[in-house]
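Each remark here refers to the structure printed beneath this line.
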Amino acid sequence: MQQINIIDAKKHVDEKVKIGVWLTNKRSSGKIAFLQLRDGTAFFQGVVLKKNVSEELFEEAKKLRQETSMYVIGIIHKDERSKFGYEMEIEDIQVISETEDYPITPKEHGIEFLLDHRHLWLRSKRPFAVLRIRDEVIRATYEFFGKEGFVKFDAPILTGSAPEGTTELFHIDYFDTNAYLSQSGQLYEEAGAEAFGKVYSFGPTFRAEKSKTRRHLTEFWMIEPEMAFMHQEESLDIQERYIAYLVQSVLDHCQYELSILDRDVETLKRYTKVPYPRISYDEAIELLQKADFDIKWGADFGSPEETYLADHFDQPVFVLNYPKALKPFYMKPHPTRDDVVICADLLAPEGYGEIIGGSERATDYNYLLEKIKAAGLDPKEYSWYLDLRKYGSVPHSGFGLGLERILTWLTLEDHVRETIPFPRLLNRLHP
RNA sequence: UGCCCCGUAGUUCAAUGGUAGAAUACCGCACUGUUAAUGCGUAGGUUGUUGGUUCGAGUCCAACCGGGGCAGCCA
């Protein structure tokens, strides 16, 4: 007898098989018991008929409690009455470990309780679906950049100084000197691009900002590609093809998860078509002013502004060339305008806001040196970075994408904390 | 960090300043196709902490503790 996974049940119709499962819920009557089961690959139900099994087994089945682990042995049937389409007619049950008082019941729970029990909440259907889509997006990311000829180039997590010098960093003691957890691998990726042409990093990123919003974590995962001999236009091409590729991969491999989340597939299909619309920062300001937003040229967009702009399009939209004062020192100044830089943010539709920030990078040694000084940063800390402009500087571009932000949008969750196994938030370091 | 909101049974929530209650989960019984199954029954509480006002505080006031939302920062 073969041991299988629930997800493969359809390949074993009318066969007797064994599956290792946990019990998620149960309903029983005098002569029939329905066991709701999960095994990590899918959810389905097992049916225990009193007439089919011994009295002892039927009584045992009726007494099973939520999250008991066991092997179930029985015959797979196709059955329209089952939500999954297939179910098991159980002949035998081998309990592995009994459980009592499992805290997470099929009823509603508050977010505080669920986050305190995240180690168990992971077993529930919604986290299951969201985190499987996370896995697919990660898999598709490696696949996409591999196919495009990128080298995965890992940036350090421990750093001796702040790459951008802006946001708050987590400080640690490093053999009696100061070190910080990385808030961006970008500057290191620029070094990688001059060694390998096209590179990307994909790893954890840390920001010690005391943010308490649905869009922020203190520990999150970021994908940061950097491309040598590439101007912003080609970078935008890669960005939109990458996003479209992720969406297509989720559509190709996660139909079951999307159905659990009740995510509309037709809406997602719109995002697989490129190119995405592009507007300039100047045009964005005009749009907002026409809509009576109280905003002047030079100001950054808040959440309401981003949402309004994104709602104008039924696809993600690039907003190009922001004021220089709003952006970090390493962005390339515009060739004919002194007030903007060559950059773009990609805003996700459906109210999800910024998911990518990117730019063409400044290539001139003296320009960068001045900007570093003007930003109040220590040029000595950036001497290695300045070397990249000293020895064979080339046009290059890159961008950063927040994994949890794109997942929040794809899964239609309302908070980024739902899209990472163990979220780290301002007031939450456990479990 | 600023502004706002919330802490009552394991959980989700009620309760004009006047004896703390329901649903659900657990436990027991009934029920042959359930989908948050259903019906009946048992049990379940130092109302976040400390102090104050009051004849009387879950309710009003203050401080503290814990959590959430929005904003800024950004991905």
Check nucleotides 1-5 of chain B for protein N or O atoms closer than 3.5 Å to its own N or O atoms and list the pairs.
unit_1	atom_1	unit_2	atom_2	d
B:U1	OP1	A:Lys210	NZ	3.3
B:U1	O4	A:Lys210	O	2.9

Nucleotide N/O to protein N/O under 3.5 Å, stretch nucleotides 24-30 of chain B:
unit_1	atom_1	unit_2	atom_2	d
B:C27	OP1	A:Arg65	NE	3.4
B:C27	OP1	A:Arg65	NH1	2.9

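Side-chain atoms of A:Ser280 and A:Asp282 include no donor-acceptor pair closer than 3.5 Å. No side-chain donor from either of A:Gln255 and A:Ser259 sits under 3.5 Å from a side-chain acceptor of the other. With 3.5 Å as the limit, one finds a donor-acceptor pair spanning the side chains of A:Arg361 and A:Ser359. Side-chain contact check for A:Glu143 and A:Tyr245: at least one donor-acceptor pair (N or O, by modelled atom type) lies under 3.5 Å. Neither side chain, A:Gln66 nor A:Thr105, offers a donor N or O lying under 3.5 Å from an acceptor on the other. For A:Glu190 and A:Tyr330, the side-chain atoms include no donor-acceptor pair closer than 3.5 Å.
Listed in residue order, the members of residues 124-148 of chain A having a heavy atom less than 4.0 Å from RNA chain B come to none. Annotation: proximity of residues 74-96 of chain A to RNA chain B (heavy atom, distance under 4.0 Å) is found for A:Asp79, A:Arg81, A:Lys83, A:Glu87, numbered in ascending order. For the segment residues 232-250 of chain A, no residue has any heavy atom less than 4.0 angstrom from an atom of RNA chain B.
Under the side chain to side chain donor-acceptor pair (under 3.5 Å) criterion, A:Lys371 pairs with no residue, sequence neighbours left out. A:Lys152 meets the side chain to side chain donor-acceptor pair (under 3.5 Å) test with A:Asp154; sequence neighbours excluded. For A:Arg38, the salt bridge (Lys or Arg N to Asp or Glu O under 4.0 Å) partners two or more places apart in sequence, or in a different chain, are A:Glu67.
Within 4.0 Å of A:His415, counting heavy atoms only, lie sugar-phosphate atoms of the nucleic acid but no base atom. Counting non-hydrogen atoms under 4.0 angstrom, A:Gly400 reaches the backbone sugars and phosphates but no base. Here A:Arg428 lies in heavy-atom contact (under 4.0 Å) with sugar-phosphate atoms only.
In A:Glu283, the CD atom is crowded: over 12 heavy atoms of neighbouring residues, nucleotides or ligands sit closer than 6.0 Å. Around OH of A:Tyr102, the count of heavy atoms belonging to other residues, nucleotides or ligands within 6.0 Å exceeds 12.
Applying the side-chain hydrogen bond (donor to acceptor under 3.5 Å, both in side chains) test to every pair with at least one member in residues 14-34 of chain A, sequence neighbours left out, gives these pairs: A:His12-A:Glu15, A:Lys16-A:Glu91. The ring-ring contact (aromatic ring centres under 6.0 Å, His included) contacts involving residues 304-325 of chain A comprise A:Tyr281-A:Tyr322, A:Phe293-A:Tyr308, A:Phe301-A:Tyr322, A:Tyr308-A:His312, where partners must be two or more places apart or lie in separate chains. Counting only residues at least two apart or on different chains, the salt bridge (charged side-chain N to carboxylate O under 4.0 Å, His left out) pairs with a member in residues 105-118 of chain A are A:Asp116-A:Arg428.
An aromatic stacking contact between A:Phe34 and the base of B:A37 is absent, as defined here by ring centres under 5.5 Å apart and ring planes under 30° from parallel.
To the nearest whole angstrom, the two P atoms, one in B:G33 and one in B:G39, are 16 Å apart.
Aromatic ring centroids of A:Phe150 and A:Phe144 lie 6.0 Å or more apart.
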**Prompt:** Stepwise, does the side chain to side chain contact (heavy atoms under 4.5 Å, CB included) test hold for A:Leu410 with A:Glu136?
**Reply:** CA-CA 12 Å; A:Leu410 293 178; A:Glu136 175 59 24; over 6 Å; no
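Ring geometry for A:Tyr200 versus A:Phe145: interplanar angle under 30°, hence parallel rather than tilted (30 to 60°). Between A:Tyr256 and A:Phe84, the angle of the ring planes goes over 60°, which puts this pair in the perpendicular group of the 30/60° scheme.
In secondary-structure terms, RNA chain B builds stems of at least 3 consecutive Watson-Crick or G-U pairs, each pair having both distances under 3.5 Å, at B:1-7 with B:65-71, B:10-13 with B:21-24, B:27-30 with B:38-41, B:48-52 with B:60-64.
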